[in-house]
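Everything below concerns the one structure shown next.
Computed from a predicted structure; not experimentally measured.
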Amino acid sequence: MNETYFEYGTAADRWDRAQMFFETKEYMTAARILEGLVAEAPEQVSPRLLLARAYYHSARLGRAETELRTVLERDPVEPYARLMLGRTLERQGRDAEAAGHLRMAAAFSGDFDAEAGRVGG
């Protein structure tokens with residue numbers, strides 16, 4: 001595939017194409033399309049979050065972490081980004097750093113036992 005394939009069509013066309021590639025587990029291809037969408041509309045959370053997921057699933061954890069932190073800078077209470085950042089950090093062996101993000105994600109989802117101070121009550 002040449003570069004124009006990733007840039008072809010409207011933003012909506014490319015979004016649909018990226019989702020299709022993601023759903024078929026072609027994460028690297030989805031990421032190439034999403035990178036262009038994120039560059040065009042950096043304020044949009046959905047393409048950036050899907051890009052982070054594509055990076056995560058293709059083991060590009062540093063890139064996933066960068067995208068997730070950018071999402072959380074814009075929306076600190078985005079629960080899925082918080083959960084994914086925790087999982088990304090865990091996968092990098094950074095369990096202590098991941099724990100706070102996972103606790104926040106659990107609290108956002110209502111799965112936090114405040115009395116016991118732990119996730120999953």
Side-chain angles (χ1 to χ4, degrees):
M1 284 183 259
N2 61 28
E3 197 62 37
T4 58
Y5 176 78
F6 299 104
E7 300 166 354
Y8 181 77
T10 67
D13 293 336
R14 287 177 284 138
W15 172 247
D16 289 342
R17 194 176 317 122
Q19 288 181 304
M20 178 199 66
F21 280 112
F22 185 88
E23 290 168 7
T24 60
K25 300 182 180 179
E26 294 287 334
Y27 302 118
M28 300 284 279
T29 304
R32 287 190 64 187
I33 297 166
L34 290 162
E35 287 165 354
L37 288 171
V38 167
E40 287 175 30
E43 72 284 353
Q44 294 288 323
V45 171
S46 295
R48 192 177 295 276
L49 198 51
L50 189 58
L51 177 58
R53 292 176 64 199
Y55 285 152
Y56 178 87
H57 287 296
S58 59
R60 292 158 51 182
L61 302 176
R63 288 183 180 201
E65 179 182 349
T66 298
E67 294 302 329
L68 292 165
R69 289 189 186 280
T70 301
V71 168
L72 291 170
E73 284 173 11
R74 290 176 166 84
D75 186 0
V77 295
E78 197 336 296
Y80 191 69
R82 199 56 78 178
L83 174 66
M84 275 203 59
L85 180 56
R87 301 287 168 156
T88 300
L89 294 169
E90 277 184 330
R91 202 165 159 196
Q92 294 178 70
R94 295 160 59 191
D95 294 348
E97 191 177 348
H101 295 287
L102 295 173
R103 278 194 302 275
M104 280 190 271
F108 294 151
S109 71
D111 190 25
F112 185 78
D113 183 349
E115 286 184 34
R118 64 179 181 258
V119 175

Can E73 and R48 be counted as an ion pair, charged N to O under 4.0 angstrom?
no
For L37 and P47, the nearest pair of non-hydrogen atoms, with its separation, is CB-CB, 4.4 Å
Looking at CD of E35 and CD of E67, how far apart are the two atoms once the value is rounded to the nearest 0.5 Å?
8.0 Å
Any donor and acceptor pair, going by atom type alone, linking the side chain of R91 with main-chain N or O of Y56 inside 3.5 Å?
yes
Looking only at heavy atoms, which two atoms of A54 and S58 are closest? And how far apart?
O-OG, 2.8 Å
Which is it for Q19 and L50 under the side-chain contact (heavy atoms from CB on, under 4.5 Å) test, yes or no, and what are the steps along the way?
CA-CA 8 Å; Q19 288 181 304; L50 189 58; 3.9 Å; yes
Atom pair CD (E26) and CZ (R32), whose distance is rounded to the nearest 0.5 Å
12.5 Å
Testing the basics here: between A105 and P79, what is the closest heavy-atom pair and its distance to 0.1 Å?
CB-O, 4.0 Å
Linked, directly or transitively: M28 and I33 (ILVMFWY side chains, under 4.5 Å):
no
Are L83 and M104 linked, directly or through intermediate hydrophobic residues, by side-chain heavy-atom contacts shorter than 4.5 Å (ILVMFWY only)?
no
Looking at OG1 of T66 and CZ of R60, how far apart are the two atoms once the value is rounded to the nearest 0.5 Å?
11.5 Å
Short question: side chain of R17, backbone of G9 - any donor-acceptor pair under 3.5 Å?
no
Chi angles and distances behind the side-chain contact (heavy atoms from CB on, under 4.5 Å) call for L72, V77
CA-CA 7 Å; L72 291 170; V77 295; over 6 Å; no
With clusters defined by side-chain heavy atoms of hydrophobic residues (ILVMFWY) lying less than 4.5 Å apart, directly or transitively, does V45 cluster with L68?
no
Less than 4.5 Å apart, side chain to side chain, heavy atoms only: is that true for V71 and M84?
no
Given the rule in the side-chain contact (heavy atoms from CB on, under 4.5 Å) test, do E90 and L102 qualify, once you have shown the distances and angles that lead to the verdict?
CA-CA 10 Å; E90 277 184 330; L102 295 173; 3.2 Å; yes
Minimum heavy-atom distance A98-G86, with the two atoms named
CB-O, 3.2 Å
Should P76 and R82 count as side-chain neighbours, where that means a heavy-atom distance under 4.5 Å?
yes
Would a hydrophobic clustering, with Ile, Leu, Val, Met, Phe, Trp and Tyr connected at side-chain separations under 4.5 Å, put L51 with W15?
yes
Residues Q92 and E65: side-chain donor-acceptor under 3.5 angstrom
yes
Ignoring hydrogens and angles, tell me if any N or O in the side chain of E78 forms a donor-acceptor pair with the backbone of Y80 under 3.5 Å.
yes
On the 0 to 90° scale, with breaks at 30° and 60°, tag the F22-Y27 ring pair as parallel, tilted or perpendicular.
perpendicular
Please answer whether the main-chain N or O of L34 pairs with a side-chain N or O of R14 as donor and acceptor at a distance below 3.5 Å.
no
Is there a continuous path of hydrophobic side-chain contacts, each under 4.5 Å between heavy atoms, that joins L61 to L89?
yes
Output for pair (R87 CZ, H101 NE2), nearest 0.5 Å, gives 13.5 Å
